[in-house]
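To start, the structure itself, in structure tokens.
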Amino acid sequence: MKPRLPRTLFGKLLFSYLLVALVSLAAVSLITSHLFANFYYSIKEKELLQQGQQIAETLQTYPVPSQKDFRALLDQFRNFPGSRFMVLNRNDLLGNIDRPPTARPAPPIPPLDESTAHEVLQGKTVSGRVLSHPPGQDMLRAVIPLKNQSEVMGALVIITPLADIAATIKTVQRIIGNAAGVAILFATLLGLYLSRSISNPLKEMSRISLAMAEGDFRQQLPVTCRDEIGQLATNFNHLAVALSDTVGALKREKAKTENILVNMNEGVIAVDHNGCILFTNPAVEQTLGIICDSILEGSSIDSINCPELAQIITQVLQNQESLSSELELNNGQTCLMTHAAPIISSEEPSGGVVAVLEDITELKQLEQLRRDFVANVSHELRTPLTAIQGFAEALLDDVASDPKQYLEVIHGEAMRLKSLINDILELSLLQSRPVNWDLNAVDVNDLFSRVLFKLGEEIRTKALTIKESISPYLPSLLANEDYVEQVLINLLSNAIRYSPPKSTIKLNAFFEAPNITITVTDQGPGIAAEDLPRIWERFYRVEKSRSRALGGTGLGLAIAKEIIEAHGGQIGVSTEVGRGSTFWFNLPAVPADSNS
């Protein structure tokens, strides 16, 4: 089973410090003990040899000592504590080893082995350890040859027990072990300090890095030292500041980009190389008529429910070329200009596609209105010009039965042509540039009187009845008097034109703060619902043949709408087929403090 190592950096550092300290101290202790033991043994061995040499030199001064003299001689060396002596003759060395009678009773001395005896006979001194049986009684032995001139006559064997030496060595080893224990304790304390000094800053860096990952770059590491850890903490603080600046700049740029995309009138759709949606802006909802919240990031482009757009994006993904195309949606009611381009990415050959959807429905309608306007103007101008040309040619050819009547027709068509051109110029002036209105107070009673006076002949011709209703204490209008009069003339002219003879037309004016509302109600044929959205267009007529026969140009309502909206007011109509129509408009009243 493998030992489990610490998981934390603090534990690993402490474990490493302690392991190094233990291994180092154990190795030092073992080597020191071994070296000391060898050194101590060598010293004891030298002492034993020196002791033996002294005894051997003394013995060699007596050629053949008597037993009494030999015993007295050995007694002289009793000051060598713990040592025992034995003298061997040559025969003993050759194999007949007997303890001499002069030897004192002592523990048995191990006999010499053959190699030791052979070396001694050659005149060599032999020393070393002798193992005993049973173990535990090992001895240190020195064998010194006794020579007579150059011949070895015997040997002196001196031994000393190793028990005392071993005890001394064990004592020293115990001292070394205690010193190693104290050193391990200090190493442990030092390891704790060093481990914490390294792991605590790293632990703090880890905590702050997690906070930075969540977007908090304000925290700083305390720099408590100038080593590599301190330098790392300083660099970490610089990194936090740099990241804060960088992320802040990226957030600002992202916010700018998002604001631009969100506030764009054009819809923007971005997809990846797999055709999955990466981004859409709110304008897509208005452009495609869908709810943007239902388009989830990662969903397929087919979820937009626009096969034409999906086909364009797929084609750009395949060909990696920009493509622009017009799309007609909602049965032609919506027209989009689509610009799709590949997203260039260095990491992938096809990074995706971004498509910009521009709603050109209004432009198409304006283009169609321009064409219709040109066609209508051409048609409206051609009709009186054709009549003028025909009657003028009849006069030139002298085929006119009543020249005066022909001239009256020519004059009438010319006046009609003049009125048409004046209306076109007036409408063009109103639409081409903002008008600086000269606003003043307009009394509604005076306004009604002037308009009815100017249209009195038409009213009398059809025997119409005009009923006026003006709220009492009605304030004045704040408007341009000439233009508001033109609006009322246009509305009342239409009412007169389409009202049946001897019918009634109502003119009403009432105040609803802060505006004054004026209505013109006739008893004419009314307007069909399908014609209501277009009655404010130029040259549009509900009954074209009848309107032209009645002398209308088709521009009166368009001019009235432009004037009222330029004043900041509103204009509208309520109608019922067969029961007449009510046209109304409102304009601001003169403020009460101005009247005072």
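- A distance-only check finds no donor-acceptor pair linking the side chain of Asn508 to the backbone of Thr519 [under 3.5 Å].
- Contact of the Thr582 side chain with the Lys506 side chain is not registered, since no non-hydrogen atoms from C-beta on lie closer than 4.5 Å.
- In this structure, Ser324 and His339 approach most closely via the heavy-atom pair OG-ND1, 3.0 Å.
- What you find for Ala340 and Val353 is that their closest heavy atoms are CB-CG1, 4.1 Å.
- Applying the side chain to side chain donor-acceptor pair (under 3.5 Å) test to pairs two or more places apart or on separate chains, those with a residue in residues 571-580 are Thr575-Ser581.
- In terms of the side-chain contact (heavy atoms from CB on, under 4.5 Å) criterion, residue partners of Pro342 (sequence neighbours excluded) are, by chain and number, Val316, Gln320, Ser322.
- Residues Thr504 and Thr465 have side chains that never bring a donor and an acceptor to within less than 3.5 angstrom of each other.
- Listed for the Asn490 side chain is no donor-acceptor partner under 3.5 Å among the backbone atoms of Ala558.
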- Query: Would Ile571 and Phe583 count as a side-chain contact (heavy atoms from CB on, under 4.5 Å) if you check the C-alpha gap in whole Å, the side-chain angles of each, and the deciding distance to 0.1 Å?
  - Reply: CA-CA 8 Å; Ile571 188 169; Phe583 283 85; 5.8 Å; no
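- Counting all heavy atoms, side chain and backbone alike, Phe511 lies closest to Ala589 at CE1-CB, 3.7 Å.
- Residues Pro475 and Ile516 share a closest heavy-atom pair of O-CD1, 2.9 Å.
- Closest of all the heavy-atom pairs between Ala441 and Val590 is CB-CG2, 3.8 Å.
- Two residues are said to be in side-chain contact when any heavy atoms from C-beta on lie closer than 4.5 Å; Val442 and Ser476 fail this criterion.
- A 4.5 Å side-chain heavy-atom check between Val573 and Leu557 finds every atom pair outside the cut-off.
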- Would Thr517 and Leu587 count as a side-chain contact (heavy atoms from CB on, under 4.5 Å) if you check the C-alpha gap in whole Å, the side-chain angles of each, and the deciding distance to 0.1 Å? CA-CA 7 Å; Thr517 302; Leu587 290 173; over 6 Å; no
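- Considering only heavy atoms from C-beta on, Ile518 comes within 4.5 Å of Leu447 through its side chain.
- Atom-to-atom distance recorded for Asp443:CG and Ser449:OG is 8.5 Å, nearest 0.5 angstrom.
- Shown here for Leu477 and Val484, the closest heavy-atom pair between the two residues is CD1-CG2, 4.3 Å.
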- Just do the side-chain contact (heavy atoms from CB on, under 4.5 Å) check on Leu363 and Met337 with the steps written out, would you? CA-CA 11 Å; Leu363 293 177; Met337 174 60 73; over 6 Å; no
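- Between the side chain of Asn319 and the backbone N or O of Glu321 there is no donor-acceptor pair closer than 3.5 Å.
- Side-chain N or O atoms of Thr257 include one that pairs as donor or acceptor with a backbone N or O of Glu253 at under 3.5 Å.
- For the atom pair CG of Leu492 and CD of Glu485, the computed distance is 11.5 Å after rounding to the nearest 0.5 Å.
- Using modelled atom types and a 3.5 Å distance limit, the side chains of Gln311 and Gln315 yield no donor-acceptor pair.
- Going from atom CD1 of Ile505 over to atom OG1 of Thr521 covers 9.5 Å, rounded to the nearest 0.5 Å.
- Distance CG/Leu491 to CG/Asp522: 10.5 Å, rounded to 0.5 Å.
- One distance of note links NZ of Lys454 with OG of Ser493; it measures 11.0 Å at 0.5 Å rounding.
- In this structure, OH on Tyr483 lies 13.0 Å from CD1 on Ile489, to the nearest 0.5 angstrom.
- The number of heavy-atom neighbours closer than 6.0 Å to CD of Glu308, taken from other residues, nucleotides and ligands shown, is above 12.
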- Determine, step by step, whether Val577 and Ile527 satisfy the side-chain contact (heavy atoms from CB on, under 4.5 Å) criterion, reporting the C-alpha distance in whole Å, the side-chain angles of both residues, the deciding distance to 0.1 Å, and the verdict. CA-CA 6 Å; Val577 177; Ile527 303 172; over 6 Å; no
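- Put simply, the side chain of Asn445 does not reach to within 4.5 Å of the side chain of Leu474, judged on heavy atoms.
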